[in-house]
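Notes to accompany the following structure.
All values derive from a computational prediction rather than experimental measurement. Chain A is the first sequence line, chain B the second, and so forth, proteins listed ahead of strands; every chain is numbered from 1.
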Protein chains: 2
Amino acid sequence: MKEGPDIAQIGALIGDPARANMLTALMGGKALTATELAAAGGITVQTASTHLAKLEAGNLLAQRKQGRHRYFTLADDSVGKFLESIMGFAAGRGHLRHKPGPKEPALRKARICYDHLAGDYGVRMLDSLIARGAIDAFGDGLAVTESGETALKSIGIDVHALRSLRRPLCRSCLDWSERRAHLAGSLGKALLSNFLDKGWARRTAESRSVIFSPEGERQFLALFPAAK
Amino acid sequence: MKEGPDIAQIGALIGDPARANMLTALMGGKALTATELAAAGGITVQTASTHLAKLEAGNLLAQRKQGRHRYFTLADDSVGKFLESIMGFAAGRGHLRHKPGPKEPALRKARICYDHLAGDYGVRMLDSLIARGAIDAFGDGLAVTESGETALKSIGIDVHALRSLRRPLCRSCLDWSERRAHLAGSLGKALLSNFLDKGWARRTAESRSVIFSPEGERQFLALFPAAK
DNA sequence: ACAATGCTTCGGTTAGGATCGAAGTATGAA
DNA sequence: TTCATACTTCGATCCTAACCGAAGCATTGT
């Protein structure tokens, strides 16, 4: 007893439905205002304000004042990764929502995991990159190979520039729907941005799901053929 | 909002201090009775009983009746791995216990993580096995090499027999104190048992920490030299 | 200066659930 | 059978924390 870190504190933070919904909303990667988060949690702004203060005190959230707005985001990508892993665990234990809504399939296919692509397509992308030798996987780490760097350059991603950032280039993130790893880190983020910029896909307003255009989907699947 | 698995449920399960303490106690790997768990949680047996029922309903615990005792364990090793990862996250966010007791250093050095070795020594062991080529690491997976199988045989571990179990042979588990991976899975379990059987180390009654004998420590360090 | 918007703080209510005493059930021992 | 132990269920209490209305700041716009 009374050993190690206090897991009850974060458990309690995540254990409240309103807070859990707000955190889930922030997994979409966009910075949201207190009012928007109140709506996401299904509560009034006053209540949301106290919740947000608690989450911030627990180092799960960061806020940025901008004019009279206050934008909240997850404190960093490790929070997103952590939440995703809880979702995976919860799904494996049968802790699902009462009714899997119509959006559920779309979420499983492709969604945003804080700032990178997750779901079936996210997993497929990483598998494909590894299969063609663009990414080397060893241990829990991932690394871009020389040939991978060239290949990524051709689709408009400057790996060299990404390397200079403080944030890790490649990181694996466990996918709750697929139960496999997908690509996080600054490269994961850059790839998603790339697809969005090209118009291959767009993020939806209310949900974390990512919608591919027919042409974008064709290009994506061609670029990342199924591994094996 | 209302997307994906329900993280609030498990958050709430772990968020209660009494339940968190009981779960932490079960990370020691031993099956404990309701009475013992009540003591670990600092509550009466009646209260513990209701908590245990909830944890079991949430698929976090499994119980086994034996005479008039009821032994509880974590539902499976993935629960242990999950709890360990929460501890790592909590530690990284500064959610520590009020006062790091005197047992803390011992815990960081070597402790039991459900059924395998964790802490500094656990991480060192895996690093060393990888460095000498006994274990291959790729992706998030680990695999024993042929030479590794032979080497393990020489210290009394039958990898072939372990393979036939349903449980994965090697698995990496993120260590909360070291923030690096250590070895879980049936091989991790077998290695720990091996050390205990040989008398190199012993588990303590009340804590998760593992105490090495002077001679056992010497042997262990020689067998797993620091990598790099 | 004044109004409007976004958010926080205060105060008081309410509900959920953690808690324990007491009683009830099951298993084993004498 | 009778008693003891291990645990669960019931009932009642109590306390925390979630919640919202109202008021208070802060920032922007007119």
Next item on the list: Decide whether Ser186(A) and Arg166(A) meet the rule of one side-chain donor and one side-chain acceptor closer than 3.5 Å.
Entry: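 Side-chain D/A pair, Ser186(A) to Arg166(A): absent.
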[X] has an atom [atom1]; how far is it from atom [atom2] of [N], in whole Å?
| X | N | atom1 | atom2 | result |
| --- | --- | --- | --- | --- |
| Arg70(B) | dT27(C) | CZ | P | 9 Å |
| Tyr71(A) | dC7(C) | OH | P | 8 Å |
| Arg68(B) | dT25(C) | CZ | C1' | 14 Å |
| Asp16(B) | dT19(C) | CG | C1' | 10 Å |
| Met22(A) | dA18(D) | CE | C1' | 11 Å |
| Leu32(B) | dC7(D) | CG | C1' | 15 Å |
| Arg19(B) | dG16(C) | CZ | C1' | 12 Å |
| Ile43(A) | dA17(D) | CD1 | C1' | 13 Å |

Check: So among Arg167(A), Lys81(A), Lys30(A), which one has a salt bridge (Lys or Arg N to Asp or Glu O under 4.0 Å) with Asp115(A)?
Finding: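 One option only clears the test, and that one is Arg167(A).
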Check: If we only count heavy atoms from C-beta on, is the Trp200(A) to Leu223(A) side-chain gap below 4.5 Å?
Finding: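 Yes. Closest side-chain heavy atoms under 4.5 Å.
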Would you say [X] reaches [N]'s phosphate, i.e. side-chain N/O to OP1/OP2 under 4.0 Å?
| X | N | answer |
| --- | --- | --- |
| Ser49(B) | dT8(D) | yes |
| Thr47(A) | dA18(D) | no |
| His51(B) | dT19(C) | yes |
| Lys65(A) | dC7(C) | no |

Next item on the list: Quick one: sort the His116(B) and His182(B) rings into parallel, tilted or perpendicular, breaks at 30° and 60°.
Entry: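 Ring orientation, 0 to 90° scale: tilted.
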Checklist line | Toward the 5' end of DNA chain D, by each residue's nearest nucleotide, His69(B) or Lys54(A) | finding: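 Residue closer to the 5' terminus by nearest nucleotide: His69(B).
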Check: Closest nucleotide of DNA chain C for Leu52(A) versus for Thr44(B): which of these residues is on the 5' side?
Finding: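 The residue whose closest nucleotide sits nearer the 5' end is Leu52(A).
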Next item on the list: Compute the centroid of each ring, for Phe212(B) and then for Tyr121(B), and state whether the two points are separated by less than 6.0 Å.
Entry: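 Ring-ring flag for Phe212(B)/Tyr121(B): true, centres closer than 6.0 Å.
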